[in-house]
Number of protein chains: 2
Amino acid sequence: MADVAALAGVSSQTVSRVANNRSNVEEETRRRVLSAMRMLGYRPNTAARALVTGHFRALGLISFGLSSFGNARTVDAVTRAAQRAGYTVNMIAIESQTERAVHEAFDRLTMQAVDGIVLVEAQILDTPALRLPAGVPVVMADGDASHRHPMVDTDQARGARLVTRHLLDLGHETVWHVAGPEDSYAARRRTESWHATLKEAGASVPGVLFGDWSAASGYEAGRALARRPGVTAVFAANDQMALGVMRAMAEAGCRIPQDVSVAGFDDLDESAYLTPPLTTVRQNFDVVAERIVSLMIDQIESRGERSAAAYVVPELIVRQSTAAPPPR
Amino acid sequence: MADVAALAGVSSQTVSRVANNRSNVEEETRRRVLSAMRMLGYRPNTAARALVTGHFRALGLISFGLSSFGNARTVDAVTRAAQRAGYTVNMIAIESQTERAVHEAFDRLTMQAVDGIVLVEAQILDTPALRLPAGVPVVMADGDASHRHPMVDTDQARGARLVTRHLLDLGHETVWHVAGPEDSYAARRRTESWHATLKEAGASVPGVLFGDWSAASGYEAGRALARRPGVTAVFAANDQMALGVMRAMAEAGCRIPQDVSVAGFDDLDESAYLTPPLTTVRQNFDVVAERIVSLMIDQIESRGERSAAAYVVPELIVRQSTAAPPPR
DNA sequence: CGATCACATGTTTACGTGAACATACAGAAG
DNA sequence: CTTCTGTATGTTCACGTAAACATGTGATCG
């Protein structure tokens, strides 16, 4: 910076002003400084800048890995939204979903230079125990609204209700459910809503099968379901598990949707091209991400620690994997 | 830090020594300092630290988004490998794959605090023109070995050869190919190798259909292929496109694999659960990521700018989407 | 025509840390 | 007892920037 100042014949402060696009610099001076910058290949030093200003224009993001497509989509969308807002994203993937791991990641990120932290797909960690160090703004993507931190999520309950109703309306007596892991908020809410919808409709509520979001776990659940007589409709808590269920059904000689209807949740880009194309609930990851980032920036800029929960409305996408039940 | 020093009754330098685990601190002093740190909730300031030391223990990562599963897996693996090495990952997703966008991302990251940059799925940007600012270590994941920067990738050529040979060995007269985008190195190498393998075998080389890695583009290609008589084997350049091809074939009334064999590339976790389970080439993303990070750290620590290329061997996974051609 | 003002620019300083150097002190060697 | 050596600790300083304050200059207004 000093070199640039010398070359341009101004003080370093003026260089700083130009670098930060302040208004009170004469046009001619600005040009001189800019050309000096270019000539010397000057780039502002973020560390020094952050040391003075106290902020980094960077967000931390903690997730449980990118192998679940829902997560990957969320992370992707958050990254892009953050970028649009002028923030960089510092990512940490947690292996095990323990509270200790979350704290470690947290430590790491706050030591690293971040202005706030986004927690994606928060598992149900013992809520009161998850005392994150104060002072760092946090936004949860998926999680419990009862947390101290703002939270943004798809309206899981509404989505689950949409699919369940759809299947009941097709004439199925009841709907079986392959749930996500028990310690996931999203999974739990989908399950609860499925349950409530069945009850409201006066349908019997079959036992829940649990998976871990993976196609493999869906396959296992599907095999169990295929052995059971009278299963005509299955709602899997995400598209990957739905895929596994469909595979198991196919192997068992059940046709979809003639013999069994299968529906998922997420609407991956691929879901429209499965055989058969999958009926599912579309989550609007981009809107969720947008909200997350804007809540985050509110917090960062105002230091207000107010809690808030925003739910984004999902949409039912009916394709060919669901149909009326076979005549008895 | 000053507060900690005061509380522990030592100088700030001693606190610094404790924070950095230096050896020459008496055990008793160290304990006093540590407890003072805990009491005051002291955390070292990364900005100040970086300002002095000149490094951040952070890597930048530029990718073209997480919607391609191959990319998502790579990013995930790189993040984890970096973490293991004690580095954080600062991610930027590029929208358009232009050289300008790469440069912008680059600027952003170098301004942000990173010690090196990983470029994932580098498109074929005009090589000599892609003059990245010097001084920042760069490793390319996928890319051209002729670049000035070290590069790590799956041995694409070998993988493509494996599938193509597999299909020929099953008795198919030739193999059609749905390629990835023309400006992707990986796609180009898979295509070239498919071409070469056909020629060596004395098979005719049908025209290439181009997709963009998405299932939708695979579906389009599949529809075109289904209209063409005599297509008995298709090699899609990734699993997502293979999925689309299979869908199009199913819609056209072609059975897989009885009428048409379809193979992919990547081996997503889901590919084993498609209907039918997909024959594909498994990329070892974790090994690739490990190499990338270690090459990166070599560069960061030695400042050596030597170029290198590492290829990781892929593996053919035969499932049920490929079989002998139908009798004529 | 002097006071006031707006605006461009310069000077000084603090941000929190670790490197380099300085100091103090204990024990060993002669 | 003196000198030397090694170890624990303290002092000073620089890292590159932006904030706060100071200065200078020309225009505006009563």
Side-chain angles (χ1 to χ4, degrees), chain A residues 1-37 40-58 86 88 107-108 110-115 135-136 300-301, chain B residues 1-37 40-58 86 107-115 133 135-136 301:
Chain A
M1 187 155 124
D3 296 345
V4 173
L7 182 58
V10 297
S11 75
S12 66
Q13 185 54 39
T14 300
V15 176
S16 166
R17 281 191 261 259
V18 172
N20 292 309
N21 253 315
R22 297 308 168 85
S23 54
N24 47 350
V25 178
E26 205 163 345
E27 202 42 51
E28 135 98 48
T29 312
R30 181 187 304 277
R31 272 207 320 277
R32 236 177 33 237
V33 171
L34 284 175
S35 88
M37 281 179 173
L40 270 52
Y42 166 79
R43 12 204 46 204
N45 177 318
T46 314
R49 206 172 245 191
L51 186 57
V52 169
T53 62
H55 56 249
F56 309 84
R57 302 198 69 74
T88 274
D107 277 5
R108 198 128 165 200
T110 48
M111 293 224 333
Q112 209 54 242
V114 291
D115 300 317
V136 186
I300 290 173
E301 284 172 2
Chain B
M1 187 154 126
D3 296 345
V4 173
L7 181 58
V10 297
S11 75
S12 65
Q13 184 53 39
T14 299
V15 176
S16 166
R17 281 191 261 260
V18 171
N20 292 306
N21 254 314
R22 297 308 168 85
S23 55
N24 47 348
V25 179
E26 206 164 344
E27 203 42 52
E28 134 97 49
T29 312
R30 180 187 304 276
R31 273 207 320 277
R32 242 184 21 244
V33 171
L34 283 174
S35 88
M37 281 179 173
L40 271 52
Y42 166 79
R43 11 203 47 206
N45 177 316
T46 314
R49 213 172 238 194
L51 186 57
V52 168
T53 63
H55 58 249
F56 310 85
R57 301 198 69 76
D107 276 6
R108 198 127 165 200
L109 281 177
T110 48
M111 293 219 338
Q112 207 54 244
V114 291
D115 300 316
V136 186
E301 284 172 2

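Quick caveat, the model's predicted, so the values are computed rather than measured. Every heavy atom of this structure was used, including side-chain atoms; hydrogens, water molecules and symmetry mates were not.
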Atom pairs and distances, donor-acceptor, side-chain atoms in residues 4-16 of chain B, under 3.5 Å, two or more places apart:
| residue | atom | partner | partner atom | Å |
| --- | --- | --- | --- | --- |
| B:Ser11 | OG | B:Gln13 | N | 3.4 |
| B:Ser11 | OG | B:Thr14 | N | 3.4 |
| B:Ser11 | OG | B:Thr14 | OG1 | 3.4 |

| field | side-chain hydrogen bond (donor to acceptor under 3.5 Å, both in side chains) against B:Arg32, all qualifying residues, sequence neighbours excluded | value | B:Glu28
| request: For the residue pair A:Asp107 and B:Arg43, establish whether any side-chain heavy-atom pair is separated by less than 4.5 Å. | output: yes
| request: Specify the residues of residues 14-36 of chain B, ordered by number, for which at least one heavy atom lies under 4.0 angstrom from an atom of DNA chain C. | output: B:Ser16, B:Asn20, B:Arg22
| task | Return each pair, listed once, that meets salt bridge (charged side-chain N to carboxylate O under 4.0 Å, His left out) where at least one residue sits in residues 12-27 of chain B; pairs must be two or more places apart or across chains. | result | B:Glu27-B:Arg30
| task | Could you state the atom-to-atom distance from CG of B:Leu51 to C1' of D:dA14 in whole Å? | result | 9 Å
| field | Between C1' of D:dG16 and CZ of B:Phe56, the distance in whole Å | value | 11 Å
| Passes side chain to side chain contact (heavy atoms under 4.5 Å, CB included), B:Leu34 versus B:Met37? Steps please. | CA-CA 5 Å; B:Leu34 283 174; B:Met37 281 179 173; 4.0 Å; yes
| field | Interatomic spacing from CG in B:Asn24 to OG1 in B:Thr29 - rounded to 0.5 Å | value | 11.0 Å
| remark: Axis-to-axis angle for the helix from C:dC1-D:dG30 to C:dG30-D:dC1, ends of five pairs each, to 10°, equals 40°
| message | Distance under 4.0 Å to a non-hydrogen atom of chain A counts as contact; along DNA chain C, which nucleotides mark the start and end? | response | C:dA8 to C:dG16
| query | If you take all heavy atoms of B:Asp115 and B:Arg57, which pair is closest and at what distance? | reply | OD2-N, 2.6 Å
| task | Check the distance between D:dG16's C1' and A:Arg49's CZ and give it to me in whole angstrom. | result | 10 Å
Pairs under 3.5 angstrom only: tabulate donor-acceptor contacts from the side chains of residues 47-56 of chain B to other protein residues two or more places apart or in another chain.
| residue | atom | partner | partner atom | Å |
| --- | --- | --- | --- | --- |
| B:Thr53 | OG1 | B:Arg49 | O | 3.0 |
| B:Thr53 | OG1 | B:His55 | N | 3.3 |
| B:Thr53 | OG1 | B:His55 | O | 3.3 |

| field | Distance, rounded to the nearest Å, where A:Arg43 contributes CZ and D:dT17 contributes C1' | value | 16 Å
